[in-house]
Amino acid sequence: MGNPDLIFAVAGVAALLAATLPRLLNRRPFSLPLACLLVGLVLYALPLELPDPDPVVHRTLVEHVTEICVLVSLMGAGLAINRPFGRRGWSSTWRLLGWTLPLTVLAVAAAAYGLLGWPLAAALLLGAVLAPTDPVLASDVQVGEPVDSEKADDEVRFALTSEAGLNDGLAFPLVYAAIALAVSGGTDWIGEWALVDLLYRCVAGVVCGLLIGKGLGRLFFRAEKPDLRLAEHRDGFVALAATFLAYGLTELVHGYGFIAVFVTACAIRAAERSHGYNGVLHGFIEQIERLFTAWLLLLLGGFVAVGGLSALTWRGAAVGLLLLLVIRPLLGWLSMLRGRAGPRERAVAAFFGVRGIGSLFYLAYALGQADFGVPAEEIWAVVAFTAVASLVIHGISASPVMNRLDLLRDRAGNDRDAEPATQHL
């Protein structure tokens, strides 16, 4: 377990990092997640009595801690989106969910099956685990705080935020497919999977999220009794209540709680889109998210420092890099062709498919349900390497790329504003 006093001290250091680094690293080619990862590497390289970061030994703990972190992040993402829900306004999201997500699963599964020689169930699991864009670690390329303008979200940040908010839940049917394949070894599970895991649970997640979100939105902003109108009291921790309520009730009816939490957040935001209480809720949930992220990435760095990647082969590393540098960018770019995004925005949104905490949750969950015919240490090594590689590649490039994109967008806007005056002269 490690030295309890030292654990408290390290937890405090991580909390301070989560509070101070976002401002110090603002607009610099270095992210908070990457800094926490490096701190974890350094701390676990020292002869200190720190807790064991092995996710194989502590699978259940890893599953539940990462689960909470993803839930909090999903609530924050939904509250931050300024664009109203719609078919056309969210067209980039539907393209990324409808094409990029399933094709990424198939491409990664094919790579794992061909390069690593894994059984089909394990290959499918790897594809399902690594396909979703992570809502936790993608903060540098997502929308910021809630604002009054519905047009405040540029297409790149909106697409990545809404994609991350929904595809974490939509990856669950694919994880269940891998589990069913590992358990049965045949195809007799497909019918029940399609009806229950794919159709019912997704619909239940959306319906529960809408009902809970609309009910909470009415309570927060339009309750008849002022004492129950929580928006007037400005308690930020209510965001946690909404998160756990939506997740728990949806899971009780066997729906996908991840989908419900994001939809609940969007419904709360839609109840009073310009109310300042949205900013209070988002600000509180963002602080909790940063805290959990710092702690988890410190442990991920510790996992790497103590030899967690020793089971990684060059073929496993190749699969991870293939996903980050070829599969996701190519499929994301193709899916957004002729969409709302311009050429530069399409390329940026396709590239920043950040992988991280969500992948760790799905893997911990799946390994507790079935034996996939591959040593758990090897699967963890591939997934952890991919997450670390994503932290480095995207953590270094996010600020410069987004700053450059914002500059070009502002310059283009100024040129358009100047055209009438130029023509008049």
J.: Enter the distance from I68:CD1 to I288:CD1 here, rounded to the nearest 0.5 Å.
T.: 11.0 Å
J.: Looking at R229, I want to see if its CZ is surrounded by more than 12 non-hydrogen atoms of other residues, nucleotides or ligands under 6.0 Å.
T.: yes
J.: Answer yes if the ring centres of F85 and W94 are under 6.0 angstrom apart, and no otherwise.
T.: yes
J.: Within the side chain of S390, is there an N or O that forms a donor-acceptor pair under 3.5 Å with the backbone of A387?
T.: no
J.: Closest heavy-atom contact between S335 and L96?
T.: OG-CD2, 3.8 Å
J.: What's the separation between atom CG in D154 and atom CG in D406, rounded to the nearest 0.5 Å?
T.: 6.0 Å
J.: With distance as the sole test, does N278 use its side chain to make a donor-acceptor pair with the main-chain N or O of H275 at under 3.5 Å?
T.: yes
J.: Determine whether I393 and L325 satisfy the following criterion, side-chain contact (heavy atoms from CB on, under 4.5 Å), listing intermediate values before the conclusion.
T.: CA-CA 9 Å; I393 295 170; L325 301 178; 4.0 Å; yes
J.: List the atom of W189, the atom of S184, and the distance in Å for their closest heavy-atom pair.
T.: CD1-OG, 3.0 Å
J.: Would you sort out whether W193 and I179 count as a side-chain contact (heavy atoms from CB on, under 4.5 Å), showing the intermediate values?
T.: CA-CA 11 Å; W193 171 83; I179 294 171; over 6 Å; no
J.: Any side-chain heavy-atom pair from C36 and T293 closer than 4.5 angstrom?
T.: no
J.: Return yes if some donor-acceptor pair links the side-chain N/O of W99 with the main-chain N/O of L331 below 3.5 Å, else return no.
T.: no
J.: Please list all pairs passing the side chain to side chain donor-acceptor pair (under 3.5 Å) test where one or both residues lie in residues 248-264, with sequence neighbours left out.
T.: none
J.: For atom CD of E192, decide whether the heavy atoms of other residues, nucleotides or ligands shown that lie under 6.0 angstrom number more than 12.
T.: no
J.: What distance do L299 atom CG and D52 atom CG have between them, rounded to the nearest 0.5 Å?
T.: 10.0 Å
J.: Would you check if L324 and H394 make a side-chain contact, meaning some heavy-atom pair closer than 4.5 Å?
T.: yes
J.: Do D197 and F172 touch side chain to side chain, with heavy atoms closer than 4.5 Å?
T.: no
J.: Which heavy atom of I268 sits nearest a heavy atom of F221, and at what distance?
T.: O-CE1, 3.7 Å
J.: Any donor-acceptor pair under 3.5 Å linking the side-chain atoms of N82 with those of R269?
T.: yes
J.: Judged by atom type as modelled, is there a donor-acceptor pair below 3.5 Å linking the side chain of T133 to the main-chain atoms of G353?
T.: no
J.: What verdict does the side-chain contact (heavy atoms from CB on, under 4.5 Å) test give for L124 and L120, after you've listed the backbone C-alpha separation in whole Å, the side-chain angles of each residue and the deciding distance to 0.1 Å?
T.: CA-CA 6 Å; L124 179 58; L120 189 57; 5.5 Å; no
J.: Taking the six-membered ring of Y176 as reference, does the NZ or CZ atom of R201 fall below 6.0 Å from its centre and within a 45° cone about the axis?
T.: yes
J.: Out of the candidates L74, V238, L240, only one should pair with I285 under the side-chain contact (heavy atoms from CB on, under 4.5 Å) rule; please name it.
T.: L240
J.: Measure the CH2-CG distance between W380 and L363 for me, rounded to the nearest 0.5 Å.
T.: 4.5 Å
J.: Find out whether W90 and F158 are in side-chain contact, i.e. whether some heavy atom of one side chain is under 4.5 Å from a heavy atom of the other.
T.: yes
J.: How long is the straight-line distance from CZ of F220 back to CG of L281, given to the nearest 0.5 Å?
T.: 6.0 Å
J.: Determine whether a donor-acceptor pair (N or O, by modelled atom type, separation under 3.5 Å) exists between the side chain of R328 and the backbone of F351.
T.: no
J.: Under a 4.5 Å cut-off applied to non-hydrogen side-chain atoms, are Y365 and T66 in contact?
T.: no
J.: Over all heavy atoms of both residues, which pair between H233 and P226 is shortest? Give the atoms and the distance, please.
T.: NE2-O, 3.3 Å
J.: Specify the closest pair of heavy atoms between A349 and L160, including all atoms of both residues, with the distance to one decimal.
T.: O-CD2, 3.5 Å
J.: Any chance you could measure L32, atom CG, to L297, atom CG, to the nearest 0.5 Å?
T.: 8.0 Å
J.: Strictly below 4.0 Å, N to O, side chains only: are R83 and E155 in salt-bridge contact?
T.: yes
J.: With under 30° as parallel and over 60° as perpendicular, where do the rings of F361 and F258 fit, or are they tilted in between?
T.: tilted
J.: Where is the tightest heavy-atom contact between V263 and L210, given as atom of each residue plus distance?
T.: CG1-N, 3.5 Å
J.: Counting only N and O atoms by type, is there a donor-acceptor contact under 3.5 Å from the side chain of R355 to the main-chain atoms of L130?
T.: yes
J.: Within the structure provided, determine whether V304 and F385 are in side-chain contact (heavy-atom separation under 4.5 Å).
T.: no
J.: If we only count heavy atoms from C-beta on, is the V348 to F352 side-chain gap below 4.5 Å?
T.: yes
J.: Just by distance, do the side chain of E345 and the backbone of G342 share a donor-acceptor pair under 3.5 Å?
T.: yes
J.: Can you check whether A14's main-chain N or O pairs, donor with acceptor, with W295's side chain at less than 3.5 Å?
T.: no
J.: So does L337 get a backbone contact from the side chain of R95, meaning a donor-acceptor N/O pair under 3.5 Å?
T.: yes
J.: More than 12 non-hydrogen atoms from neighbouring residues, nucleotides or ligands closer than 6.0 Å to CZ on R59, yes or no?
T.: yes
J.: Answer yes or no: is there a donor N or O on one side and an acceptor on the other, between the side chain of D134 and the main chain of G358, under 3.5 Å?
T.: yes
J.: What I'd like to find out is whether the side chain of V253 reaches to under 4.5 Å of the side chain of C208, using heavy atoms alone.
T.: yes
J.: Any carboxylate oxygen within less than 4.0 angstrom of a Lys/Arg side-chain nitrogen, looking at E272 and R222?
T.: yes
